[in-house]
Structures are given as C-alpha cells and as structure tokens.
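Scroll down for the structure; my scribbles are underneath it.
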Amino acid sequence: MANAVTEFDANRQPHRRFNPLLREWILVSPHRTQRPWQGQVETPGSKGEVEYDPTCYMCPGNKRSTGNVNPHYQDVFVFDNDFPALLPEGQRGCVNEGNLLVAETEAGICRVLCFSPKHHLTLSMMEPADIRAVVDCWSGQFAELGTRPDINYVQIFENRGAMMGASNPHPHCQIWSTRTIPNIPKTEQESQLAYRAAHGSCLLCDYFQLEANSRERAVVENEHFLALVPYWAVWPFETMVISRGHVASIEALNSAERDAFSDVLKRLTTRYDNLFQTSFPYSMGFHQRPTDGKDHPEWHFHAHFFPPLLRSAAVRKFMVGFELLAMPQRDITAETSAERLRAVPDSHHTF
Ligand SMILES: [Zn+2]
Ligand SMILES: [Zn+2]
Ligand SMILES: [Zn+2]
C-alpha cells in the first residue's frame, strides 16, 4: 500500500494513526478540542533563579549524601548515581514456573550528568558551545559504557521539571545502561529491521524525507537535523529530533552535526518555554543502536521529547482510563501542535 490516500477531514473526523516505530495505533479526536476544562490545574513551579544552591547535591563543591564531594567543575560533571536502580554486579539467576512466573537478574550502571555548574540554567538558556560540551559528554559516555561487555544498551534521558518528577532543578540527565535491551528500543529495533527488510531502505531516513518535503509538522530545523511533531504523536506537544544523515548513534555524529544538534536542542526547548511562558517540563531521551558488539545498520539515531502540558503552564494531559486500558488518545492534532510551536520565537525567551 504505497501511497494509499482516501481523504477525510483530519481536523474534524475522529481517526487513528499508526506509529511505525512502536507498531501501535493512537486515537485522534480533533472535534473535542473545544471542550471546557474543569480538571486539575497545576501550580507552575518557581523559576529557581539562583546560580548556586548550597543544599543542591549537584552544585560544584557540595557534599552528596554519600559523603562524596563534587569537584569545582567548569562545564559538565558525571558521577555514579548515589541511589542507582541497577547494580553492575550481583547474583545471576532466573525463575521460570510454567512460563507464568518468569524473572531474571539484570545488571547495569546508572550515572548522573550535570549539564552545567549553574544551578538555574536549562538547556534552553545555555550557550550553544556549552550545549556542545554536553553532546560530546553524551557521546563519550555512550562510547565508554558501550565498550563494556556487560553493557548492551545505554539509555540517556532527562526529566525536566517537578511535573516530570525531577527532584532537583539543577540541569542534568541520567544515563542508565543495561545488560539487556529495554522494551521500547527493542521494539523500535525490530520495526526498523522489518522496514529495512521490506523496503530496502531506512524507516527514519524515509520518514525524514517525507516530513522535510511536507513541512506540515516541522518545528525547528537546520542543515543536519529536523525537529517535528510526529504524525503519530501521543503527547500534545511531543516532538522527535531526527538526523538528516543515517547515523546509528550519537557517537557517530561528526563535529558539524554535533554543533547542529546543539542548535536544534536549544531552539526547540526555547520554543517549548515560549509556548506557555514557562520553564517547559518534559521527559526527553535518545534512541540509538545497542552496544552489543553487532553491526546495526537498521538503527537511525533520534531524540524524543514527551512534554505533559496540554493547554497552559497549569494544565497537563493525563494518561488514564481509555489510555491505560485500550490505546493512547489525543484531541489536538499533530499538525496544529506543530503550527503553534512554529508561531513562537526560537531565538529568545519572551518572558
Ligand atoms: Zn545545583
Ligand atoms: Zn536512516
Ligand atoms: Zn525512538
């Protein structure tokens, strides 16, 4: 079914859209966008203007709960998570009772990466050159953890803002690396492999081209990257950042591509902040090839941003009811979200 199109009004007609990376459907209900909101309203967090917080466990020179003292770092700083979800060593074992009670031990390394010594900055407020230092650090961590025989996947992610459960405003991300490949990258890997086998080309190279031609869902772009609201987005202002070149990991980006990635991250997060005039909360992270020593020509490096906000700094989307029990659902279309993000500046903050 190469280009099967039977037109319907996607701005009025309820429909479902297919996510080719996860191979699942999401429900779009554009006719509902006018319904009044009587639900929960969040209190927007304070902007946390201090450059140094003596009680912060990530600020330079401070002592952490383990007694370790942070160095007086100048750009980025990486340390092993003091309360890691995974441990590098331990027992090895498994459980299988009738294929119903199934478990196995897992191992891994969890690290924290501070983006900046300044407590109050966000990616959107950092200088491009300072973001570039973060990109190089992401690449270095991916390479270092990935060469360990006991680590087969490196998941880099940032929870930004109290609404996303970030317990500390200091700009940082987490790097959880595991022996096994987690569910979502595993599914995306299988989808990319299947697409390559069926079409002889890369799923995300083809998708990049389609979006770059249509521009309907584009949000920010430069020579090497395109940030867009994916056709199948679940979260109201969800975006993906896709590299123009077919590279399997952040490590494979050349210097010009790393600068371009820094530029797109800064401009995209600035648009996010300007949309609702708030330091925009989100979970973001990268998907890239596993570090299992095999060639992964099917993998195309990309980032996902999943922001919870729906219609203001104070009103978020919840994943409940139908979404937990049946399938994800959204009201505002991906095209409208992209249009709204394009309508605010990406060069400076408007508040
Ligand atoms: Zn701090
Ligand atoms: Zn590709
Ligand atoms: Zn992905």
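Positions are given from 1 along the sequence. Just so you know, ligand 1 is whichever comes first in the structure, and atom 1 is the first atom listed for that ligand. Here the structure is a predicted model, which means the values were calculated and not measured.
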| request: Would you name the N/O/S atom of His300 that lies closest to the Zn ion (ligand 2)? | output: ND1
| query | Are any of the side-chain nitrogens in Arg244 or Glu223 under 4.0 Å away from the carboxylate oxygens of its partner? | reply | no
| task | Output yes when Arg111 and Glu144 qualify as a salt bridge under the 4.0 Å nitrogen-oxygen rule, no when they do not. | result | yes
| task | Flag Cys114 as yes if one of its N/O/S atoms falls below 2.8 Å of the Zn ion (ligand 1), otherwise no. | result | no
| field | Whether over 12 other heavy atoms sit under 6.0 Å from Asp9 CG | value | yes
| Electrostatic pair Glu335-Arg17, nearest N-O below 4.0 angstrom | yes
| query | What angle, to the nearest 10°, do the atoms NE2 (His302) and OE2 (Glu188) form about the Zn ion (ligand 3)? | reply | 140°
| said: So, of the N/O/S atoms that His287 has, which is the nearest one to the Zn ion (ligand 3)? | reply: ND1
| Should the pair Phe261 and Phe301 be assigned to parallel (<30°), tilted (30 to 60°) or perpendicular (>60°) ring geometry? | perpendicular
| query | Any idea which N/O/S atom from His246 gets closest to the Zn ion (ligand 2)? | reply | ND1
| task | Tell me which N, O or S atom of His170 sits nearest to the Zn ion (ligand 1). | result | ND1
| query | Can you give the angle Cys56 SG - the Zn ion (ligand 1) - His119 ND1, rounded to 10°? | reply | 100°
| Looking at Phe318, is Arg316 sitting on its ring face, NZ or CZ under 6.0 Å from the six-membered ring centre and within 45 degrees of the normal? | yes
